[in-house]
Each structure stands twice: as C-alpha cells, then as structure tokens.
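Worksheet for the structure shown next.
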Amino acid sequence: MPLETNRMKIEQHITAAAVQAVKELYQQEIPETQLAIQDTRAEFEGQLTIVVFPVVRFSKKSPEATATDLGEYLVANIEEVTAFNVVKGFLNLSIAESYWIDQLNNELLSPDFGILPSNGKKVMVEYSSPNTNKPLHLGHVRNNLLGYSVAELLKAGGSEVFKVNLVNDRGIHICKSMLAWEKWGNGETPESSGLKGDHLVGKYYVIFDKEYKKQIDALKLEGQTEEEAKKNAPLIKEAQAMLLAWEAHDEHVVELWRKMNGWVYAGFEVSYKNLGVDFDKFYYESNTYLLGKDTVDEGLAKGVFFKKEDGSVWIDLTADGLDQKLVLRADGTSVYITQDLGTAQMKYDDFKMDESIYVVGNEQDYHFKVLFLILDKLGKGWAKGLYHLSYGMVDLPSGKMKSREGTVVDADDLVSEMIETARQKTEALGKIADFSEAEKEALYYNIGLGALKYFLLKVDPKKRLLFDPSESIDFQGNTGPFIQYTHARIKSLLNKAAYQSAPVPADITLSATELDMIILLGKYPAEIASAAKSFSPATMANYLYEVAKLFNKFYHEVPPIVKEEDAALKQLRLDLSSVTANILKSGMRLLGITVPERM
RNA sequence: GCAUCCAUAGCUCAGCUGGAUAGAGCAACGGUUUUCUAAACCGUAGGUCAUAGGUUCGAAUCCUAUUGGGUGUACCA
C-alpha cells in the first residue's frame, strides 16, 4: 500500500480537476506531470499554487487569462477550493479552513500519524566497517551516524532493514600494530596502562609508522630511492612475513592477533555505545577474505573475465569508460575487489535483500562503480539493488585528517568534549537544580550527543564537511539542542495544561501561523518517505528545524496557552503543540538523537 | 594526462524532479522577560549563486567551455 496523506490526496484531486478543466475549456489533453502544485508563498493569499505557464501551450491564451479560467473552474468544481487569485502566471488557491482543521483532527492527531505502511522491501545497510588497527575518528563518526540514521529512516519508510558491519580485521595494517607491540610493547595491556583497547593498539600503529620512516630515511642515506627504501625496510618485511604467517595459521601470530583484536573490540563497543549505533550482524574479513574465487571462476566460464599469460585474471571495462581491472592475482590470491565480489554474493545469500546500501566514503567511488558493474555483467539480478552511499570527507581547516600524522579528531575525545560542553552550558543556564545526578548526566549526554549528531547529519551526505576543532559546535540556532529545547518546552507546556488530545470544532478560526503549522506538520510522512528514498538524514534534519522554528514563532505570538479561557482555542493550540512535539521526538529519533522531556 | 565530485552572504549550510523578489544559522548591530523554559523571539545589515556562453516564457537548478579545489586512477584495503 503506497503512502497517501491528505496533502497528497488534495493535490491529486486538484491536478485531476485541472486536467479535466483543460479538456473542457480548451479541448486538449494535458499530462498530469505538467501541473506542478507548490506551496503558496507567504506574501500571497492562498495555500496551494499552480504554475500555469505549462498550460499556456494548450490554452493559447495569456498566462493570466489561463490562470483565471482554471481558477474559476476549480472554485466551481472542487468543494475545498474557496477562492483564487492570479499573480502573473501563478494561480493561488485558497483551501477552506475546515479542510485544514479536518486534516488536524483526522490525520495529525491520529495515533498512527507518521507511521508509514510497509513497502515489503528488504534492505541491507552496511556501515561503520572499521579497521582494527586504530581507534575511530571523526570520519568514522560521520559514517556511523549516517549509516545508523539511514537505516532508521528506511525502517520508518516501511522497509525491513538489516544493519551490518563488515569489520576489516586482517591485513598488513593490522600486522603493523601487532609487530610494533611485540617489539616495543613490553607486554603493555589495556589493564596495565589504563588505555582503552583500541587506543592502545592505535598507539602501536603510530609507533610502527615512526620506526618504519626512520628505516626508510636510513636506507635513503645509503643511496636507495624512496620507493626502494619503502620496499626494503626490515620492518615492512617483517610485517609482510607476519601476514604470511597469519595466513598460514601460525599459532603464535594468530594468538597475538586474537588478543589485540579483542582489545580493539572492547574499545569499539564503548564507542559504539556512546554513539548509540547498533548492528544486526557482523561480518569479519578474516572470514571473507578468501571468498570471491568462485565468482572469478564463474566470470571466466561466462567469458566476462579473461586470463593473462601470467595467470592473472582481469575484466576489461574500457567499453564502459573504465579501465581494465585485475580481479585475481597471478599467484591465485585475492585483491580487494575479489573479496568484495564474494562478500556481496554471501550477503545476498544470507538475506536475499532487494536493496543493499554501502555507506562508504567517496574516495571509493571508483571501486564501487567497478564492483557493481562486474556483478551486473555476471548476470546477478540483485546487482541493480546495490547502492553506494558515498559521503564526503570530514576536513579540518588544515586539510585532511591523517591518523599517522596525529591530525585526527578522535571519536572518544570528541564525545567527551561534547558532553562536557553540554554540562557547562546547562549549568550556566541553571534550570535543572531539581534533577538527580543520574538525570543530569543523562541530560548532558543527550544534549552533547544531540549537538554533535545534528551537526554532522544536517549537511548533505554527499558534500564534504568542515570541522573546526577550535570552534565548539553551536548549541543555538540551527542545532540539535535548539530542537531538543523546543521539545522540552512543549512537554513542559503540555504538562502544565494537563493536556488531553481531542479534536477541535470544525468552525474554529485559525491564525496565519496556526494554518502554516498544520500545513508544515502535515508534510511529516512525506518527509520520512523522501528522506528514506534519497538516503538523506539531512533533509529530515532541516525539516525538523523548520518545524521547531515555526513552533517557537507561534509560541511567542500567542498569549499564554495555559491561561486561555476559550476552550476550543486552547485545545487547538495544545493539539498543535502536541503534534509538534511528537514529530520532533520521532523525527529526531530517526537521526539517532534523543529529545529530553525537560532541559 | 584521464575519470569523477564540488563552487550560493565574512563563516557554516538550505534551496526537491527548472518557477514568483535566492533563504537559514553563526558572527556584527539594535530591540523583546510582572505572561506557559530567553538554548527563545523580532528587526537591521550582508549576494554579479566561480566565470563565459547556450537551451527555455522562465536557470542557483539543465547543457557546453573555462578557472579554482577535493578524490580516484595500486597485483593496498
């Protein structure tokens, strides 16, 4: 069952009538798609507007005359259309107030408002996908929040969603940390050092790099080129040997690997919990890195791949504007794309999903283009459901973050800084004297994380994002705390007024702002659907901001609602407030943000 | 070199499949509290939508070129 809100119904109704009008008045068939209905701009009378320029071709009249023809027809034929005015080529329609009140009573106040019908689709969202050689940084935070939110949006949009995390737990980079720890760690553990496990391992990753660089420099002094030195440094050779030992199931190496990965997982668990993200299933590359060779055989058999003289296997994508791409090394070992081919097949076999979203940075655009194209060429029907949600890098004012150069914003540090800032700001306002310690801590957490999450999610995922560590994230204006505050304020109001949901009389008079609220609040279900469709928490964030802003305007305009003596008016205003609060709460939840009852 | 993404106010960003006079927030300046939470509200100021062409009744939006930036172009992942 497709989503159908009152707003959609009336738009369809008007569109259909306009088509009919063109038929009757001008004896022409106009396609519905030519008739766009939009909100009427605030400075004009009316709520809905038809742009009539496209109709002029059919009417052979001026835009004004055409608009007037249509306006007269719509007033005569649609009950809800009470009046119209024409400004240039724009036909502004006034919709009966009773219609909007009916929408409030029967749609917005309904308990299942904002709950979309199932669309029967199964969707996988793969996100996070960390390396186990270093702690999470701000770039990972963006990935995690995006992936989580997109998954929640898809669920809210009616899909069945599986969140999965493909952990990159093996490879040369992991061996680097392991080797450095073995050489210089003196048996240091999270317990002995008090360091969080992922940070401890990350420390040795950095040490490896430092020592490796020293060796490279030494070799360069001996006359080797940069490239030679990088290849010949003893440390890298040791790391490579360790990787081979790992692949050969060397007991000692595997044990070390288990131990250090265990530390990292314990650390990640804390970070994930702080960020409020979760997964339905974990995949580990240590289990999947050998996959894909069957797929390679399949491709060879189908003639999609070809073998070079040295035995390496390739695909020629030059006809598609891409390059030739290696899919299997001459020695029969996998490359990145080999395992991704295999993993894609495995994930599909596991879940039989209709769509699969990979939340991965835009530096891998090319890789996914190739991956999806190959799967398609292999005749995988499900390949058309694959989608790379490619998000932009998080940059610092100084440029890109680099773990090895220490210019990263650490995820755990950032989270604690945000909580600390929330604490300071909240204490400065002094509104929560009666909170228990536990309530205070929960509030600081919710506000701090709310500010952070909103900050990262409000910008279009595709765009790169600038984070300036020297400027703290705002708590005022278009921010998470602003929306949280609006919610808390409404809840306080509803409590004081002992609010009970009830319909309002059909003949009540609405102020301009109240009418605007009904119109804006009524768009919520469509906002969910569109945010889910476009995989964009940003559109939801911006919508929620509009809602909060409009409420605050309304709240200031209107005399104290609690003291309102006109019962119908009081009910109307409380209903509008309550619907606003519900939308803010459930919408923010889709962003992974908790809104407090008081703050 | 080739591929690909991006360029909107001092800063950070909205602007949906082309529609009315391009909008917010921050920063700046001014105002609002005996009234339901001032993390709020109202106002002032701030723009050649990178540049040049083109398509169109109409372009920030679509097309082409140019400039400037990001990323990729590994038998790394």
Side-chain angles (χ1 to χ4, degrees), chain A residues 33 36 38 40-41 43-44 49 51-54 56-57 63 87-90 92 129 131 168 170-174 285 289 310 312-314 321-323 326-331 333-340 361-367 369 390 392-393 395 399-400 422 425-426 428-429 431-432 447 451 455 458-460 462-468 471 474-486 488-497 530 534 536 538-539 541-543 545-546 548-549 551-564 573-574 577 598-599:
Chain A
T33 50
Q38 53 189 245
T40 303
R41 290 178 67 111
E43 60 265 41
F44 304 112
T49 292
V51 186
V52 298
F53 293 107
V56 170
R57 252 181 44 233
V87 181
K88 293 192 263 179
F90 297 87
N92 302 320
S129 306
N131 293 336
N168 185 346
R170 52 133 248 137
I172 190 74
H173 49 293
I174 313 290
E285 268 191 34
Y289 80 105
D310 65 358
S312 58
V313 182
W314 296 72
L322 305 173
D323 305 316
L326 176 92
V327 294
L328 194 69
R329 293 192 184 102
D331 63 8
T333 58
S334 301
V335 289
Y336 181 37
I337 202 149
T338 323
Q339 32 178 313
D340 264 8
N362 63 11
E363 69 228 325
Q364 296 199 36
D365 285 354
Y366 185 75
H367 171 73
K369 205 183 243 185
S390 162
M393 305 276 98
D395 289 325
K400 220 181 148 176
K425 293 197 189 258
T426 306
L429 290 170
K431 294 180 182 178
I432 58 161
I447 295 175
F455 175 81
K458 79 170 177 186
V459 328
D460 184 338
K462 286 193 287 293
K463 297 200 172 172
R464 54 191 274 274
L465 191 135
L466 187 76
F467 176 80
D468 187 345
E471 280 178 42
D474 275 321
F475 283 58
Q476 283 169 355
N478 187 358
T479 67
F482 168 77
I483 296 170
Q484 291 173 315
Y485 170 73
T486 305
R489 201 185 211 191
I490 297 172
K491 290 322 270 267
S492 163
L493 163 66
L494 296 177
N495 282 330
K496 284 204 170 125
S530 109
S534 57
S536 176
T539 59
N542 285 307
Y543 169 75
Y545 175 62
E546 293 295 321
K549 209 164 49 145
F551 174 82
N552 281 304
K553 176 184 155 138
F554 157 80
Y555 186 81
H556 271 263
E557 260 175 24
V558 145
I561 300 168
V562 174
K563 296 179 189 158
E564 179 58 57
R573 292 179 177 163
L574 290 174
S577 303
R598 291 178 54 202
M599 68 185 271

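All chains are named by letter (A, B, ...) in the order of the sequence lines, taking the proteins before the strands, and each is independently numbered beginning at 1.
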*Quote, to the nearest angstrom, the C1' distance that separates B/G47 from B/U33.*
35 Å
*Could you tell me whether A/D323 contacts a base, only the sugar-phosphate backbone, or nothing, with contacts defined as non-hydrogen atoms closer than 4.0 Å?*
sugar-phosphate
*Considering residues at least two apart in sequence or located in another chain, which fulfil the ring pair (Phe, Tyr, Trp, His ring centres under 6.0 Å) criterion with A/F475?*
none
*Pick the P atom in B/A27 and in B/A22, then give their distance to the nearest Å.*
26 Å
*asked:* Applying salt bridge (Lys or Arg N to Asp or Glu O under 4.0 Å), can you list everything that pairs with A/K369, at least two apart in sequence or on another chain?
replied: none
*Check every strand shown and say whether A/R464 touches a base, only sugar-phosphate, or nothing at a heavy-atom separation below 4.0 Å.*
sugar-phosphate
*List in chain and number order the residues that pass salt bridge (Lys or Arg N to Asp or Glu O under 4.0 Å) with A/K462, two or more places apart in sequence or in another chain; answer none if no residue qualifies.*
A/D460
*Scan side-chain atoms only and decide if A/R464 and A/N362 contain a donor-acceptor pair under the 3.5 Å cut-off.*
no
_What's A/K462 touching, base or sugar-phosphate or nothing? Going by heavy atoms closer than 4.0 Å._
nothing
*Only counting residues at least two apart or in another chain, list the ones meeting salt bridge (Lys or Arg N to Asp or Glu O under 4.0 Å) with A/R598.*
A/D434
_Interatomic distance at C1', B/A45 relative to B/G10, whole Å_ = 12 Å
*With a 4.0 angstrom cut-off to heavy atoms of chain A, pull out the first and last contacting nucleotide of RNA chain B, in 5'-to-3' order.*
B/U4 to B/A77
_Within the 4.0 Å heavy-atom criterion, would you say A/M393 contacts the bases, only the backbone, or no part of the nucleic acid?_
nothing
_Regarding A/N92, tell me which of base, sugar-phosphate or nothing describes its non-hydrogen contacts under 4.0 Å with the strands shown._
base
_ring pair (Phe, Tyr, Trp, His ring centres under 6.0 Å) against A/Y545, all qualifying residues, sequence neighbours excluded_ = A/F482
*Any chance you could encode RNA chain B as dot-bracket? Rule is Watson-Crick or G-U wobble with both distances under 3.5 Å; [ ] for pairs crossing earlier ones, | for another strand.*
(((((((..((((.....[...)))).(((((.......))))).....(((((..]....))))))))))))....
*What distance, rounded to whole Å, do you find between the two C1' atoms, one in B/C62 and one in B/C49?*
15 Å
_Taking any heavy-atom pair under 4.0 Å as a contact, classify A/F44: base, sugar-phosphate, or nothing._
base
*A/D365 vs A/S390, side chain to side chain donor-acceptor pair (under 3.5 Å): CA-CA, chis, key distance, verdict*: CA-CA 7 Å; A/D365 285 354; A/S390 162; 2.7 Å; yes
*With A/R41 via salt bridge (Lys or Arg N to Asp or Glu O under 4.0 Å) - residues at least two apart*: A/E43
*Look at the aromatic rings of A/F455 and A/F467 and report parallel, tilted or perpendicular, splitting at 30° and 60°.*
perpendicular
_Rounding to an integer number of angstrom, what distance separates B/G68 and B/A77 when you compare their P atoms?_
35 Å
*With a non-hydrogen cut-off below 4.0 angstrom, is A/T333 in contact with a base, only sugar-phosphate, or nothing?*
nothing
*Indicate, with a heavy-atom threshold strictly under 4.0 Å, whether A/K369 touches base, sugar-phosphate, or nothing.*
sugar-phosphate
*On a whole-Å scale, what distance lies between the P atoms belonging to B/U48 and B/G70?*
25 Å
*Quick one: label A/I447 by what it contacts on the DNA or RNA (base, sugar-phosphate, nothing), any heavy atom closer than 4.0 Å.*
base
*Contact class for A/T49 vs. all strands (heavy atom < 4.0 Å): base, sugar-phosphate, or nothing?*
base
*If you measure from the P atom in B/A9 to the same atom in B/U4, how many Å do you get, rounded?*
27 Å
_List the residues meeting ring pair (Phe, Tyr, Trp, His ring centres under 6.0 Å) with A/Y366, not counting sequence neighbours, and say none if there are none._
none
*With heavy atoms under 4.0 Å as the rule, sort A/F482 into base, sugar-phosphate or nothing.*
sugar-phosphate
*Looking at every strand, decide which applies to A/Q38 at a 4.0 Å heavy-atom threshold: base, sugar-phosphate, or nothing.*
base
*Separation of the P atoms in B/C11 and B/A50, to the nearest angstrom*: 14 Å
